[in-house]
Amino acid sequence: MPSVDGLTRKELSREDSRKKFGLLEKHKDYVVRAQAYHKKEEALRKLKEKASFRNPDEFYFKMNKTRTVNGVHRPESEANKYSPEELMLMKTQDLGYVLQKVQSEKKKVEKLTAMLHSLDNQPKNRHVYYAEDREEAREIRAESLRGGNLPSLDGVPNHIKRKTSASYRELEARKKRVNDLEKLYMDMALQKELQKKGRKRKLREDEIVSPTSKPVYKWRAERKR
C-alpha cells in the first residue's frame, strides 16, 4: 500500500513462533467479514420490521395446506393433486396434439417430396430455362414463341442448386421429425392404455411372437356386463 512519501510498505508476515495459532486476519479480510455481518444484520432488521407490521388476523387458504417443521413452512405434496380421470383427460389432450403434429408434418413431407420429384423427372426433350426475375422470364417466353435465339443450357444457376440442396436437407429433417413424433405418439398411447383399469402383465421375451425392442403387455380377458 503506497504511503504519503510514495513508498510501498508491505504488511509483515507472521512470526514462525505464532503460526501455531492459525491464519492471521489481515485488514482486507476484516473488511469482508464486517460487510457480511452488517448485511445480515440489516436483513434481520427488515424482517423484524415487516413482522411487527403484520396483521395477526391475516388468513389465506394456502395456510390449510402447509405445516410448520422446526419453524419452517413446508407445503403439502402435490403428487396427488389431480384425480385419475383428470390425468386421463390431460393425457388424451396431449395425445391429440402430438397426432395433429404428426399429420401436419406428413403433409409437408408429401408436398416437398412431390415438388422435388417433379424437378428430378423433367422430360429429356424439354428444355428448362431459369430466369432471375419476371421480366427475364417474359423475354425468354417471347423468344421461344418467336423461335429466336434462347440462352444456352450450360447448367443450372448456382442459386437454384443451393435452393434445391436446402430443400433436400429440409426433407430429410422433416422425415426424421415425423419418425420421432410417431415414436412419441406410440409411447404416449401405451402409457395411456396402461393407466386404464384391468389386470395386465408384461410379457417375457419367449412369449412375444414378433420380437421387438419395446415392452409388450397383455390384458386379462374380463367378462363385460
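Put simply, the side chain of S104 reaches to within 4.5 Å of the side chain of K108, judged on heavy atoms. Under the 4.5 Å side-chain criterion, counting only non-hydrogen atoms from C-beta, E105 is not in contact with E182.
When hydrophobic clusters are built by joining Ile, Leu, Val, Met, Phe, Trp and Tyr residues whose side-chain heavy atoms come closer than 4.5 Å, directly or via intermediates, Y168 is grouped together with V109. A continuous path of hydrophobic side-chain contacts links M186 to L184 [ILVMFWY only; heavy atoms under 4.5 Å]. In the hydrophobic clustering of this structure, V178 groups with M115; members are Ile, Leu, Val, Met, Phe, Trp, Tyr whose side-chain heavy atoms approach within less than 4.5 Å, directly or through other members.
Counting heavy atoms of neighbouring residues, nucleotides and ligands inside a 6.0 Å radius, atom OH of Y37 does not exceed 12 of them. Counting non-hydrogen atoms of other residues, nucleotides and ligands closer than 6.0 Å to CD of E42 gives a total above 12. Within 6.0 Å of CG on N55 lie more than 12 heavy atoms contributed by other residues, nucleotides or ligands.
Annotation: side chain to side chain donor-acceptor pair (under 3.5 Å) contacts of E170 (sequence neighbours excluded): R174.
A salt bridge does not link K183 with D187: none of the charged nitrogens is closer than 4.0 Å to a carboxylate oxygen.
Within the structure, salt bridge (Lys or Arg N to Asp or Glu O under 4.0 Å) pairs that include any residue of residues 47-56 comprise R45-E49, R54-E58 (at least two apart or interchain).
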Show which side-chain atoms of residues 28-36 pair as donor or acceptor with protein atoms under 3.5 Å away, not counting sequence neighbours.
| residue | atom | partner | partner atom | Å |
| --- | --- | --- | --- | --- |
| D29 | OD2 | K26 | N | 3.2 |
| R33 | NE | E25 | OE2 | 2.9 |
| R33 | NH2 | E25 | OE1 | 3.3 |
| R33 | NH2 | E25 | OE2 | 3.3 |

